[in-house]
Asks: 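Please read through the structure below; I'll follow up with questions.
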Amino acid sequence: LRGGKEDSRGALVVLEGLDRCGKTTQSTRLVANLDRLGHSAELWRFPDRTTSVGQMISSYLSNKSQLDDHTIHLLFSANRWEKRSLMESKLKSGITLVVDRYSYSGVAFSSAKGLDIEWCKAPEIGLLAPDLVVYLDIPPEKAAERGGYGGERYEQLEFQKKVGQNYQVLRGPTWKIIDACSPMEDIEEQLQNMALDCVKTCQEGKPLSCLWS
Ligand code: T5A
Ligand code: NA
């Protein structure tokens, strides 16, 4: 017997936005809220700095190593590919994944360096497509005023402006936008409602699909 709640899948929910837009704050709260409401959910993030590929990325981001722009792009992508099968099995076992950055970061940041956007998208083809992408929208100037900004490689105002323009090109039907300058509690509530709708659609049998769709 198929189609019952017992074999319904989890949702793939991705948070995107400029550095310091509030993704980590909100993805953490969302997982806690979904859990509280009886949905099994896990918090994931990319880059996943715990793998050996992730350690190369982390070293690059903190300016401890230098890499060609194409090379680091492919490492970010490889870091998602190394988690793909686990991601699929978690979703199929009914767990909702809340993911702090995904392929859209990969494309928006690398193309801000001048790499061709189609070239940047190509290695992401075949990764699981998110059911919902929530973009936390913040003016780059406001993000720069937030705590801790300036420590890592990409945390520079002019660069973040280009990243923001690239994100606009990537927006599609699964995207929802939240004003990231709103109070944290308001963002939390909007995000929770969006995620609950999405979880419901997935439980009702929406099939998993692959990028870019
Ligand atoms: N990257 C990533 C690529 O180039 N390619 C890729 O494929 C991927 C996956 C990764 C870097 O790598 C790039 C993108 C990034 O430059 P990271 O480790 O993911 O970096 O770091 P960030 O995502 O940039 O995380 P940040 O720590 O910078 O920002 P968050 O998570 O967006 O923000 P958060 O929640 O830590 O909040 C930042 C500050 O703002 C405050 C918080 O308290 C905190 O001080 N804040 C608010 N203040 C006022 N109002 C609100 N609503 C607020 N929400 C949060
Ligand atoms: Na973060």
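Residue numbers count from 1 along this sequence. Numbering of ligands and ligand atoms starts at 1, following listing order.
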Asks: Salt bridge between K23 and E16, side-chain N to carboxylate O under 4.0 Å?
Replies: no

Asks: Can an N or O of G106 be found at a distance shorter than 3.5 Å from an N or O of ligand 1?
Replies: yes

Asks: Under a 4.0 Å N-O cut-off, is there an ion pair linking E145 with R20?
Replies: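 Not counted as a salt bridge, because no side-chain N and carboxylate O are separated by less than 4.0 Å.
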
Asks: Using a 3.5 Å cut-off on N or O atoms only, is D100 in polar contact with ligand 1?
Replies: no

Asks: May I ask which of R49, K23, R45 has a heavy atom nearer to atom 17 (P) of ligand 1 than the others do?
Replies: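 Residue with the shortest heavy-atom distance to the ligand atom: R49.
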
Asks: Return yes or no for this condition: an N or O of Y102 is under 3.5 Å from an N or O of ligand 1.
Replies: no

Asks: Counting heavy atoms only, name the option from L18, T25, L136 that's nearest to atom 37 (O) of ligand 1.
Replies: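 Heavy atom nearest to atom 37 (O) of ligand 1 belongs to T25.
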
Asks: Could you state the interatomic distance from NZ (K176) to SG (C198), rounded to the nearest 0.5 Å?
Replies: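 Spacing of NZ (K176) from SG (C198) equals 9.0 Å.
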
Asks: To the nearest 0.1 Å, how far is atom 28 (O) of ligand 1 from its closest protein heavy atom, and which atom is that?
Replies: R20 NH1, 2.0 Å

Asks: Under 3.5 Å between some N or O of ligand 1 and some N or O of C181?
Replies: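 In this structure, C181 places no N or O atom under 3.5 Å from an N or O of ligand 1.
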
Asks: Among R80, E188, R146, which residue places a heavy atom closest to atom 49 (C) of ligand 1?
Replies: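 Looking at heavy atoms only, the winner is R146.
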
Asks: Using a plain distance cutoff, I'd like to know if G22 has any nitrogen or oxygen under 3.5 Å from a nitrogen or oxygen of ligand 1.
Replies: yes

